[in-house]
Amino acid sequence: MPELPEVETTLRGIFPKANKQTIKQLIIRNSSLRWPVETNLTKVLAGLVIQNITRRAKYLLLQTEKGHIIIHLGMSGVLRILAHGTAVKKHDHIDLVLENGYLLRYNDPRRFGCFLWTDQPIAEHKLLNNLAPEPLTDDFNADYLFIKCQSRKLPIKTLLMENKSVVGVGNIYANEVLFATSISPIRPANKISQQETKLLCQNIKKILTRAIEQGGTTLKDFLSPDGSPGYFVQQLAVYDKKNQPCPNCGTQIIKIIQAQRASFYCPDCQQ
DNA sequence: ATGCGGACCTGTTAGC
DNA sequence: TGCTAACAGGTCCGCA
């Protein structure tokens, strides 16, 4: 479900109620996420203070005085801030109960997400130490992207979705960014020109930024922590638009499968 | 090192 | 209407 804008929306939603709060209790109803949630975390976390909450790629990092909680929402995860005593629903796997009367509740039907603890320096964690630069910082720029593309023959769409090259861009935004840049998803990465990587880089930043401003993209069930949906879906040009007219030229959008993921593009505008 | 396919899950929708 | 198959926003891992 969530790409970077949805995770950023989640961060902004939980921050005001969860940051600087003391953890009263951790409740694990179902520990079987992507990796098992360690049951001894209930002891480790009790009494710790959430000193800061940040995002790295699509990971949410809750910093405490003894280490970090690493949360990923996978395909279908949702984090919400709720009052103590709020009734539990299906797939409400974890509660982080806070001392201010609220709790952070993790719901994830498909259980592709994770809830991990580490006391190692966070940047060195195995899941984080090989990630591309944050796309909305200056470290992610045209020169960086060009060098990454130069040495690779895989389709550009696939490169945009691998976390060692680009983070935060999932299937929806990979399709949208390539449309905005008039590049076919099947073009080999090493056939992208320097000028095109510049435009690609600009469009990644532009589209992610705009999506964040709209509160993310709600396709089926994404809700921000306050329960509101995202509105970026209204601005999608090609994603899930098979057989619909291209907004530029009217040609029918086609759907193909790349790396087992659906790609949508205009065969006329995108070469 | 690269690139591909499988794996992990449940819920919803498309198609017969 | 009902059953079945396909598909869904992610990404790690193992293999060639």
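Below, each value reflects all heavy atoms present in this structure, side chains not excepted, and no hydrogens, waters or symmetry copies. Labels below follow one simple rule: chain letters A, B, ... track the order of the sequence lines, proteins then strands, and each chain is numbered from 1.
Proximity of A:Lys153 to the phosphate of B:dG3: no side-chain N or O atom is located under 4.0 Å from OP1 or OP2. A sub-4.0 Å separation between OP1 or OP2 of C:dT11 and a side-chain N or O of A:His72 is present. Residue A:Tyr59 has a polar side-chain atom (N or O) positioned under 4.0 Å from OP1 or OP2 of C:dC12.
Following rounding to the nearest Å, A:Lys164 (NZ) and B:dA1 (C1') show an atom-to-atom distance of 7 Å. Atom-to-atom, CG of A:Leu131 to C1' of C:dT11 comes out at 11 Å; the value is rounded to the nearest Å. Here B:dA14 presents its P atom at 10 Å from CG of A:Asp240, a figure rounded to the nearest Å. Here the P atom of nucleotide B:dA7 and the CZ atom of A:Arg110 are 15 Å apart, to the nearest Å. Distance, A:His91 NE2 to B:dT12 C1': 12 Å, rounded to whole Å. Summarising the geometry, the separation between NZ on A:Lys89 and P on B:dG11 is reported as 15 Å, rounded to the nearest angstrom. Here the P atom of nucleotide C:dG9 and the CD1 atom of A:Ile212 are 19 Å apart, to the nearest Å. The distance from atom NZ of A:Lys90 to atom P of B:dC9 is 16 Å, rounded to the nearest whole Å.
When each of B:dG11, C:dT11, B:dT2 is scored by its nearest atom to the side-chain atoms of A:Arg261, the top-ranked nucleotide is C:dT11. Considering only side-chain atoms of A:Leu154, the nucleotide from B:dC4, C:dG9, C:dG10 that sits closest is B:dC4. Listed nucleotides C:dT11, B:dT2, C:dA8 differ in distance to A:Ala262; the shortest reach to its side chain belongs to C:dA8. Out of B:dG11, C:dC12, B:dC4, the shortest distance to the side chain of A:Pro109 is found at B:dG11. When distances run from any side-chain atom of A:Trp35 to the nucleotides C:dC7, C:dC12, C:dG10, the shortest one goes to C:dC12. With distances taken from any side-chain atom of A:Ile172 to the nucleotides C:dC12, B:dG11, C:dG9, the minimum falls on C:dG9. Relative to the side chain of A:Lys126, the nucleotides B:dT2, C:dC13, C:dG9 differ in distance, and C:dC13 lies closest. Taking every side-chain heavy atom of A:Arg111 into account, B:dT10 is the closest of C:dG10, C:dC13, B:dT10. Across C:dC12, B:dG3, B:dC4, the shortest atom-to-atom separation from the side chain of A:Pro155 is found for B:dC4.
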Residue pair A:Val49, A:Ile23: steps toward the side-chain contact (heavy atoms from CB on, under 4.5 Å) verdict = CA-CA 6 Å; A:Val49 176; A:Ile23 297 168; over 6 Å; no
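Spacing between B:dC9 and C:dT4 at atom P, rounded to whole Å, works out to 22 Å. Only the C1' atoms considered, C:dG9 is 23 Å distant from B:dG3, to the nearest whole Å.
Of all nucleotides present, none satisfies the Watson-Crick or G-U wobble test against B:dC9 with each distance under 3.5 Å.
For B:dT2, its base never sits under 3.5 Å from the side chain of A:Arg152 at any donor and acceptor pair.
Using a 3.5 Å distance cut-off with no hydrogens or angles, the side chains of A:Ser32 and A:Arg111 do pair a donor with an acceptor.
The existence of a salt bridge linking A:Arg152 and A:Glu162 is confirmed by a sub-4.0 Å separation between a basic side-chain nitrogen and an acidic carboxylate oxygen. Remark: A:Glu134 engages A:Arg55 in a salt bridge, criterion side-chain N to carboxylate O under 4.0 Å.
In this structure, the side chain of A:Arg187 engages the main chain of A:Gln271 through a donor-acceptor pair within 3.5 Å. Not a single donor-acceptor pair under 3.5 Å links the side chain of A:Glu99 to the backbone N or O of A:Gln21.
Note on A:Gln260: a base of the nucleic acid sits closer than 4.0 angstrom, heavy atoms only.
Stacking is found between A:Phe112 and the pyrimidine-like six-membered ring of the B:dC8 base under the 5.5 Å centre-distance and 30° plane-angle cut-offs.
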